[in-house]
Protein chains: 2
Amino acid sequence: MADEPGVGSASVDSRAGAALAGTLEATPPSGLPVGPALPTISGSGAPTLEDVARVAGVSRATVSRVVNGQRRVAADIQAVVREAIATTGYVPNLAARSLVTRRTGAVIVVVSGAEEQGSPSTIDFADPFFGRVVGGMLRALRPRDVDPVLMLAETDSDRARVISSLRNGNADGALVVSTRGDDPMPGLLVEAGLPAVVFARPGRPIPLSFVDVANRDGARLAAEHLVARGCRHVAAISGPLDVPSAQDRLSGFQDAMARHGQAFVPTVGGNFTYESGVAAMTSLLAEYGDLDGVFASNDLMALGAIEALQASGRRVPDDVRVIGFDDSSVGAVSRPALTSVRQPIEEMAAEMARILLDTIADPGRRVTSTIFEPTLRIRDSA
Amino acid sequence: MADEPGVGSASVDSRAGAALAGTLEATPPSGLPVGPALPTISGSGAPTLEDVARVAGVSRATVSRVVNGQRRVAADIQAVVREAIATTGYVPNLAARSLVTRRTGAVIVVVSGAEEQGSPSTIDFADPFFGRVVGGMLRALRPRDVDPVLMLAETDSDRARVISSLRNGNADGALVVSTRGDDPMPGLLVEAGLPAVVFARPGRPIPLSFVDVANRDGARLAAEHLVARGCRHVAAISGPLDVPSAQDRLSGFQDAMARHGQAFVPTVGGNFTYESGVAAMTSLLAEYGDLDGVFASNDLMALGAIEALQASGRRVPDDVRVIGFDDSSVGAVSRPALTSVRQPIEEMAAEMARILLDTIADPGRRVTSTIFEPTLRIRDSA
DNA sequence: CCAGTCTCGGAGAGCGCTCTCGCCGAATTC
DNA sequence: GAATTCGGCGAGAGCGCTCTCCGAGACTGG
C-alpha cells in the first residue's frame with residue numbers, strides 16, 4: 001500500500017468505511033437534502049433555451065422547434081440556431097422537458113425477487129443471466145435514447161415504490177425480470193394500467209406483454225439429442241414446478257421422451273442451484289443406477305449433477321450424458337464443457353425493450369407475447 | 001360540453017377516488033377543452049401538491065414542507081396533510097422537483113469499455129463481475145432513495161452523452177466501472193467538474209475518488225499460499241500491463257516470491273480471457289516443464305491454465321497448484337474448484353456509491369481512495 | 001390586383017414543485 | 001398591559017421547457 005497514487009488526499013480504509021456513513025449531515029425524514037435555489041439568471045449553470053435564443057436572436061419557441069425538429073423552420077434560421085447551440089454548449093434540461101411532455105426517456109428495469117421472509121434475497125446479481133438481460137435491453141434502448149433505471153423489488157414497499165415512480169412519471173414504463181413464479185409485480189403493473197413487459201410468461205394469465213423462449217421445444221431438443229446419442233435410460237432434474245418455465249421444460253422433455261419410446265422419465269425436483277443438482281442426481285442414482293442420460297432444467301443443476309455423477313465413479317459423457325438449459329457462461333468453462341439448450345437472452349431482452357417502447361408510444365397497442373426458439377449448444381457433456 | 005365545466009368542481013374527489021381504487025379511469029373526453037388555458041384541475045393522472053393542499057385545506061407550501069420535512073410544521077396540520085396525501089395517493093413528481101432543486105435522485109452507472117475499433121464491444125455483460133458491482137451499488141443507493149441509471153460508454157459520443165446528461169442535471173453523479181486501463185471517461189468527468197467515483201485506480205493519477213482492492217496484497221497472499229503448499233517453481237500469468245490492477249498483481253506477486261527465495265518468476269501475459277489463459281499456460285509449459293505452481297491474474301485465465309495443464313497430462317493440484325484472482329462464481333463450480341484471491345466487490349461497489357453520495361451532498365469533499373483488503377478463498381486447485 | 005391560403009416565428013401560459021418573503025397570532029418580556 | 005419577538009403558514013415567483021394560438025409576411029388563384 002506504499003504505492004498510493006498521487007491524488008491529493010488519500011484516506012485509506014482497509015475495511016468498508018463505516019466511518020464515512022456518519023459524516024453526512026443528518027438527512028431529513030424523507031428525500032434528499034435540498035439546497036437553496038439560486039436566482040440563476042444564466043451565469044451559474046448550464047445554458048438554457050433562453051440563452052440560446054438570445055444568442056441566436058430568435059425566440060425560445062424557435063430554438064425549441066429546432067432542437068426537437070418539431071415543425072418546419074427556415075433553413076437559415078435553423079443554421080443560426082444550431083450555431084448558437086454549439087457556441088453556448090446548450091443541452092436540454094430533461095427535467096424541465098419531461099415536466100411538460102410527461103415523458104422521461106427512462107424505463108425502469110425491475111429485478112423482482114424474494115419474498116421478504118428470512119433470507120436476504122433470492123436475487124443473485126452474480127448470475128450472468130442478469131447482466132445478459134440488462135445488456136440486451138441496453139442495446140435496444142440506447143438507439144432510442146432511452147435509459148434504464150434499475151430497481152429491485154423484493155418487498156411490498158419496493159414494489160410500491162416502482163409503481164409510484166411510474167405513476168408520477170419518473171419513468172415511462174417497466175421491464176420486469178422475475179426470479180419467482182408467483183411474483184406480484186406484473187399484477188400490480190396491470191392493475192395500475194402502466195406500460196410494462198415481462199421476461200417469461202407470468203405464473204397466472206395476465207394482460208401483459210411478455211417475451212419467452214419455447215421451453216417445451218428446448219426440452220424436446222435435449223431429449224432428441226440424448227436419444228440420438230444412444231441414451232435409453234434417461235432422467236430429469238426439474239426446477240420448482242410453480243415456475244412456468246420449469247413446468248414447461250419438464251413436461252416438454254417427458255413428452256418428447258415418450259414419443260421416443262421412454263414413457264416414464266424418473267424425475268427429481270431441484271431449485272435451480274448447484275447444490276440441489278447434486279442432491280437430485282444423488283437420489284436419482286440411488287434408485288436408478290442404470291441411467292445413461294440426464295436433462296437438468298438449468299445449467300447450475302446440470303453441473304451439480306455432473307459432480308454427483310463423477311463422485312459416484314461415473315464418467316461424463318462416456319457413462320452418462322448430461323444436458324443443461326440456459327447455455328450460461330459457467331457451462332462453457334466447466335469440465336466437461338456443458339451441452340445446453342440455449343435461449344437467446346440478449347435478443348429476448350432487446351425485444352422486451354422494443355415492445356415496451358412501442359407500447360409507450362402507442363398505449364393502445366395490443367398485448368403480445370413473443371416466443372423465441374431455443375437452440376442446442378453442443379459441447380462435451382452430451 | 002354539458003358535463004364538462006359544470007361539474008368540474010367535483011373533480012378533486014373523483015380523482016382521489018380513482019387514485020385509491022387504482023382502477024383504470026377512462027380518459028376524459030378529449031377534444032373539447034384541451035387547448036385553452038384551463039385552470040388545470042383534472043390533468044392527466046397523478047394528484048399534485050395542489051390537490052393535496054386543497055383536500056387538506058392548507059397551502060402548497062405547507063404540504064411541501066411536510067413532504068420534505070423541511071421546517072417545523074404544527075403536529076395537527078401535519079396529520080391532516082399526511083391524511084390528505086394518503087387519500088389522494090399523492091407522490092411527488094420528481095421532474096418538477098428536480099427542476100427547482102437541481103437534484104435528481106439518480107446517479108449514472110457508467111460501464112465504460114472498448115475503443116470504437118472493429119470489435120463490437122469489450123464489455124461482457126455476462127461477466128458476473130458486472131452484476132455484482134451493480135448489486136453492491138444498489139444496496140447502498142436504495143436506502144438513500146437514489147436510483148442508478150445505466151449507461152454504456154464505448155464511443156466518444158457515448159461519453160459525451162454521459163457528460164451532458166450529468167451537466168444538465170439528468171443525474172447527480174457518476175459511478176464508473178472501466179474495463180480498460182486507459183479509459184478517457186474519468187478524465188472527462190474531472191474536466192467537467194462532475195461528481196464521480198471510479199472502480200479501481202485510474203491509469204493515470206487524476207483527482208477523482210476511487211475504490212480499489214489492495215492488488216499487491218492479494219498477490220502476496222497467493223504467493224505465500226503457494227510457498228506454504230510447498231511450491232518451488234512458480235510462474236505467473238498476468239493481465240494486460242496497461243491495466244493498473246494487472247500491473248500491481250504481477251509486481252506484487254513477483255516481489256512476494258522474491259522475498260520467499262524465488263527471485264525470477266516466469267511470466268506470460270494474457271488478456272483476462274479463458275483462451276488467453278490456455279495459451280499462456282501452454283507457452284509457459286513449453287519453456288518451464290518443472291512448474292509446480294501458477295498464479296493467474298484472474299479466474300478465467302486460471303481456468304484456462306488448468307485446462308492446458310490437464311491437457312498436458314498434469315494433475316491439479318497434485319502436480320501443479322493454480323490460484324486465480326477475483327473469486328468469481330465460475331471458479332466455484334469448476335473442477336477442481338478454484339482457489340482464488342477474493343476482492344469484496346459488493347462492498348467496494350457499495351462504498352463507491354456512498355462516496356459519490358457524500359460528494360454530491362458536499363461538493364467540497366476531498367478526493368479519497370478507499371482500499372479494501374483481499375482475502376484468500378481456498379478451494380481445491382491450490 | 002385583392003382576397004384567400006399558407007408558412008413560419010413570437011408571445012405567453014403553464015407543467016408541479018420549492019423556497020423566500022411577509023404577515024399574523026401567540027409567546028415572551030419588562 | 002403594551003411592546004417585542006418569534007414560530008409557522010400562505011402568497012407568489014420562478015426553475016427550463018413545450019406547445020397552442022396568433023399574426024405577419026409570402027404565395028396562390030381568379
Side-chain angles (χ1 to χ4, degrees), chain A residues 28 31-42 44-54 56-78 80-81 85 88 90-105 167-170, chain B residues 31 33-54 56-78 80-81 88 90-105 167-170:
Chain A
L32 304 144
V34 276
L38 327 162
T40 311
I41 297 305
S42 67
S44 63
T48 73
L49 247 201
E50 184 78 50
D51 297 325
V52 178
R54 195 162 343 113
V58 297
S59 72
R60 278 202 320 281
T62 302
V63 179
S64 175
R65 283 193 270 259
V66 172
V67 170
N68 297 294
Q70 281 292 23
R71 236 171 53 179
R72 275 208 51 178
V73 173
D76 52 341
I77 292 200
Q78 227 174 101
V80 173
V81 171
I85 289 174
T88 52
Y90 170 77
V91 199
N93 177 316
L94 268 74
R97 170 180 292 174
S98 91
L99 184 56
V100 26
T101 59
R102 316 231 146 235
R103 281 288 169 68
T104 63
R167 282 219 322 148
N168 35 268
N170 225 346
Chain B
V34 179
L38 280 196
T40 313
I41 301 299
S42 58
S44 45
T48 73
L49 248 201
E50 186 77 47
D51 297 325
V52 178
R54 198 164 337 120
V58 297
S59 72
R60 278 203 319 282
T62 300
V63 179
S64 174
R65 282 192 273 259
V66 171
V67 170
N68 296 294
Q70 280 292 26
R71 244 169 52 179
R72 279 203 52 183
V73 173
D76 52 341
I77 293 199
Q78 228 174 97
V80 173
V81 172
T88 51
Y90 170 77
V91 199
N93 177 315
L94 267 75
R97 171 181 288 175
S98 93
L99 184 56
V100 27
T101 60
R102 319 228 143 233
R103 283 285 171 68
T104 62
R167 282 218 323 145
N168 34 266
N170 228 342

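Sequence lines set the chain letters: A, B, ... in the order given, protein chains first and strands last, and positions in each chain run from 1. Because the structure is predicted, anything quoted here is derived from the model rather than measured.
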Would you say the side chain of Arg60(A) and the base of dT18(D) hold a donor-acceptor pair, judged only by whether the two atoms sit under 3.5 Å apart? yes
Of Ser59(B) and Ala96(B), the one whose nearest nucleotide on DNA chain D sits closer to the 5' end is Ser59(B)
Rounded to whole Å, please give me the gap between CZ in Arg65(B) and P in dC17(C). 15 Å
Atom CZ of Arg54(A) and atom C1' of dG16(D) are separated, to the nearest Å, by 13 Å
Separation of dA13(D) atom C1' from Leu99(B) atom CG, nearest Å, is 13 Å
When the distance from CG of Asn93(B) to C1' of dG16(C) is rounded to whole Å, what number comes out? 6 Å
Side-chain N or O of Thr101(B) versus OP1/OP2 of dT18(C): is the shortest distance under 4.0 Å? no
On DNA chain D, nearest-nucleotide positions of Tyr90(A) versus Gly57(B): which is more 5'? Gly57(B)
Please state how far atom CG in Asn68(A) lies from atom P in dG16(D), giving the value in whole angstrom units. 17 Å
Show the nearest heavy-atom pair for residues Ala56(A) and Val81(A), with the distance to one decimal. CB-CA, 4.1 Å
Return the value, rounded to whole Å, for the distance between atom CG of Leu49(A) and atom P of dG9(C). 15 Å
Donor-acceptor pair (no angle test) under 3.5 Å: Arg102(B) side chain, dG16(D) base: no
Which residue is it: Leu94(A), Val91(A), Asn93(A)? I am looking for the one with a side chain to side chain contact (heavy atoms under 4.5 Å, CB included) to Asn170(B). Leu94(A)
Touch check for Leu94(A), heavy atoms < 4.0 angstrom, all strands: base, sugar-phosphate only, or nothing? nothing
Please classify the nucleic acid contact of Ala74(A) as base, sugar-phosphate, or nothing, using heavy-atom distances under 4.0 Å. sugar-phosphate
Return the nearest nucleotide to the side chain of Val100(B); candidates are dG16(C), dG9(C), dT18(D). dG16(C)
To the nearest Å, how far apart are Arg103(A) CZ and dC17(D) C1'? 16 Å
If you assign Ala61(B) and Ala95(B) each to the DNA chain C nucleotide with the nearest heavy atom, which residue ends up on the more 5' nucleotide? Ala95(B)
Shortest non-hydrogen contact from Val63(A) to Ala53(A)? CG2-CA, 3.6 Å
Between Asp76(A) (CG) and dT7(C) (P), how many Å, whole number? 17 Å
Taking the side chain from Ser64(A) and the backbone from Arg60(A), do they hold a donor-acceptor pair closer than 3.5 Å? no
The side chain of Arg97(A) lies closest to which of these nucleotides: dG12(D), dT18(D), dG9(C)? dT18(D)
Just wondering, do Arg65(A) and Val58(A) contact through their side chains at under 4.5 Å, heavy atoms? no
